[in-house]
Protein chains: 2
Amino acid sequence: MADQADLTEAREQRRIDPSNCSMARALSVVGERWSLLIVREAVDGVSRFGDFRARLGIASNLLSTRLDGLVAAGVLRRVPYQEPGDRQRFEYRLTEKGRDLRPTLMALLAWGDKYLADEQGPPVVVRHRVADQAHGCDEPVSLVLECAAGHTHLPTDEVYRAPGPGARFL
Amino acid sequence: MADQADLTEAREQRRIDPSNCSMARALSVVGERWSLLIVREAVDGVSRFGDFRARLGIASNLLSTRLDGLVAAGVLRRVPYQEPGDRQRFEYRLTEKGRDLRPTLMALLAWGDKYLADEQGPPVVVRHRVADQAHGCDEPVSLVLECAAGHTHLPTDEVYRAPGPGARFL
DNA sequence: CGTGCTGGGTTGAGATTGTCAACCCAGCGG
DNA sequence: CCGCTGGGTTGACAATCTCAACCCAGCACG
C-alpha cells in the first residue's frame, strides 16, 4: 500500500509547526461545545437570546457567556431593537466574519449527512437560492475543491498542506 | 436593510427542528477541544501516540481518550506495526470517514487564514498536488460552492438550509 | 541476569467548564 | 401595585481538562 510509504515519507520531511496554524486559532474561537451551533442558528435567522435558548436547549448562563465571546471575537454583533409597546432589548446578528463561517458549517453538515444521517436521509439540505427570485434555481449545493490553475472537483487526496508565508518550523 | 426583513421572515416560517441535524451529530463526534486537531495531524501523516502528543501538546490521558473515541467513531483505525528490533506497537490511521473531514478542516483553515492570521500571512496554505508528478500543479486550493444545476462559485448568501428527506419540524 | 531506556500508555489531584435550578429586574398592561 | 415576559445573573454540583507522577513490556547493554 502507498499508505505506508506516505506515512514514512511524511514522518521524515521538515515539519510545519502545528501550533502556528490558523486552524488552531479558528478552533480557539469556535471550537467549543456550542459556538458553532449558535452560529448555525444565527445563519438560520435566529437572533434573540430566548430563541437561541429554546432551539438549542443550552443553559442560559452558558449561552450568555458564548454570545459575549462571539461578540468579542467579532462573529456576532449586539444590536438594540425595540418591539412596539416594549422596552429596548438586544439581539445578536452575524457579522461578515460570522457569515464566512458558513462553508465550515456546510462542510460539517455534509460530513454528518454522509456518515451520521438516519434512515430517512439527511434532515437538512443546502439549496441554491438565486437573488433574482424570477428564475429560482433551488438545486442542492455542495462544496468542491478548486485550484487557482482552474482544476476543479479535486479529490481531497490531491491536496496537501504546504508552508505559507507565515510558516514556522520545528 | 434587507437584513431586518430576512430576520423577520425567517422568524415566522415553519422551522426545522435544529436538534435533528447532521451538524449537531457531526459535532458530537469531532466537536470537542482536540478532536479536529488530532484529525488534522493524522491528515498530515502523524500516526503515533507520541507524535500526536509532541506536536499538539495534549495531555496523554486525554489523547488516549480522544484516540479511543475517534477509533470508536470510525474516524481512525488502530493498526499494529513493528519497527525492526522493537516489539509490536499500534498506530492510528485515518479511515475514509476520517479523510472525508478534510473539507471541514480546510474550511476552518480558510476562515482562520482570512481573519486570524498574523502579519506575515497564513502559516499554512493548501496546494494542489496532481497524482502524476510529471506535471505538478501546486497551485493554491480553495473551497467553492457549487449547485447541482452547474452554477458555480456561489456566494454564501445564495444558499439556504432547507428541510431534507429526514427533516422533523417544531 | 539486573539495570536502564523508550513508546505507549494509566492514575489521581486540582482547576476549568458545563449543567440545572433558582432568582432578579425593567418595564409594560391591567 | 401586581403580575407577566424577555433577557439575563447567581450558585451548587457534575463532568472535563491539565499537569505531574507513575507503570509496564521488551529490547539493549554490561
Side-chain angles (χ1 to χ4, degrees), chain A residues 7-8 10-12 18-19 24 27-39 41-42 45-73 76-93, chain B residues 7-8 10-12 18-19 24 27-39 41-42 45-73 76-93:
Chain A
L7 285 178
T8 310
R11 238 184 337 265
E12 281 160 13
S19 66
L27 286 173
S28 74
V29 175
V30 294
E32 332 90 314
R33 188 139 178 44
W34 292 104
S35 310
L36 278 176
L37 291 170
I38 291 172
V39 173
E41 294 303 315
V46 172
S47 64
R48 299 181 181 182
F49 193 93
D51 292 343
F52 284 114
R53 192 159 137 56
R55 291 169 59 83
L56 293 172
I58 179 178
S60 59
N61 55 353
L62 199 39
L63 175 56
S64 188
T65 312
R66 285 286 156 267
L67 288 174
D68 290 351
L70 290 170
V71 168
L76 298 176
R77 61 185 215 282
R78 195 163 185 263
V79 311
Y81 74 95
Q82 188 156 24
E83 295 275 291
D86 205 349
R87 77 183 140 133
Q88 170 171 297
R89 300 180 185 284
F90 291 92
E91 62 185 2
Y92 300 86
R93 304 258 198 106
Chain B
L7 284 179
T8 312
R11 237 184 339 264
E12 280 159 14
S19 67
L27 286 173
S28 74
V29 175
V30 294
E32 332 91 316
R33 190 144 177 42
W34 292 105
S35 311
L36 278 177
L37 291 170
I38 290 172
V39 173
E41 294 303 314
V46 172
S47 65
R48 298 183 183 180
F49 193 94
D51 291 344
F52 284 112
R53 192 157 140 57
R55 290 169 60 83
L56 293 172
I58 180 179
S60 59
N61 54 353
L62 200 38
L63 175 57
S64 187
T65 312
R66 286 285 158 269
L67 288 174
D68 289 351
L70 290 169
V71 168
L76 297 176
R77 59 186 216 282
R78 194 163 185 264
V79 311
Y81 74 96
Q82 188 155 23
E83 296 274 292
D86 204 349
R87 76 184 141 130
Q88 171 172 296
R89 299 179 186 284
F90 292 92
E91 62 185 0
Y92 300 86
R93 304 259 196 107

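Labels below follow one simple rule: chain letters A, B, ... track the order of the sequence lines, proteins then strands, and each chain is numbered from 1.
The CD atom of A:E32 lies 8.5 Å from the CD1 atom of A:I38; values are rounded to the nearest 0.5 Å. Here the CZ-CH2 distance, from B:R66 to B:W34, works out to 10.5 Å after rounding to the nearest 0.5 Å.
When every heavy atom of A:S35 is checked against every heavy atom of A:V30, the shortest pair comes out as CB-CA, 3.8 Å. Residues B:L67 and B:F52 share a closest heavy-atom pair of CD2-CE1, 4.2 Å. Closest heavy-atom contact between B:Q82 and B:Q88: NE2-N, 3.4 Å. Considering every non-hydrogen atom in both A:R78 and A:F90, the closest pair reads NH2-CD1, 3.6 Å. In terms of heavy atoms, A:A42 sits closest to A:L76 at CB-CD2, 4.1 Å.
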### Query
Could you run down nucleotides 17-23 of chain C 5' to 3' and tag each one B, S or - for protein heavy-atom contact under 4.0 Å?
-SBB---
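What separates CG of A:D51 from C1' of D:dG7 is a distance of 11 Å, to the nearest Å. The nearest whole Å value for the distance from the CZ atom in B:F49 to the P atom in D:dA25 is 17 Å. Rounding to whole angstrom units, CG of residue B:L56 and P of D:dC17 are separated by 14 Å. Computed from coordinates, the A:E91 CD to D:dG7 P distance equals 9 Å when rounded to whole Å. Atom CZ of A:R48 is separated from atom P of D:dT5 by 16 Å (rounded to the nearest Å). We find that CZ of A:F90 is positioned 12 Å from P of C:dG27, with the value rounded to whole Å. Note: CG (B:L63) to P (C:dG9) measures 8 Å, nearest angstrom. As a whole-Å value, the separation of B:R53 CZ from C:dG7 C1' is 11 Å.
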Could you list all N or O pairs between the protein and nucleotides 26-30 of chain D that sit under 3.5 Å apart?
none

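Contact annotation: B:Y92 side-chain N/O to C:dG7 OP1/OP2 distance is not under 4.0 Å. The side chain of A:Y81 places an N or O atom within less than 4.0 Å of a non-bridging phosphate oxygen (OP1 or OP2) of D:dG7.
B:F52 comes within contact range of no nucleotide atom at all, as no heavy-atom separation falls under 4.0 Å.
Formation of a donor-acceptor pair under 3.5 Å by the A:T65 side chain with backbone atoms of A:N61 is found in this model. Side-chain atoms of B:R53 come within 3.5 Å of backbone atoms of B:I58 as a donor-acceptor pair (strictly under, hydrogens ignored).
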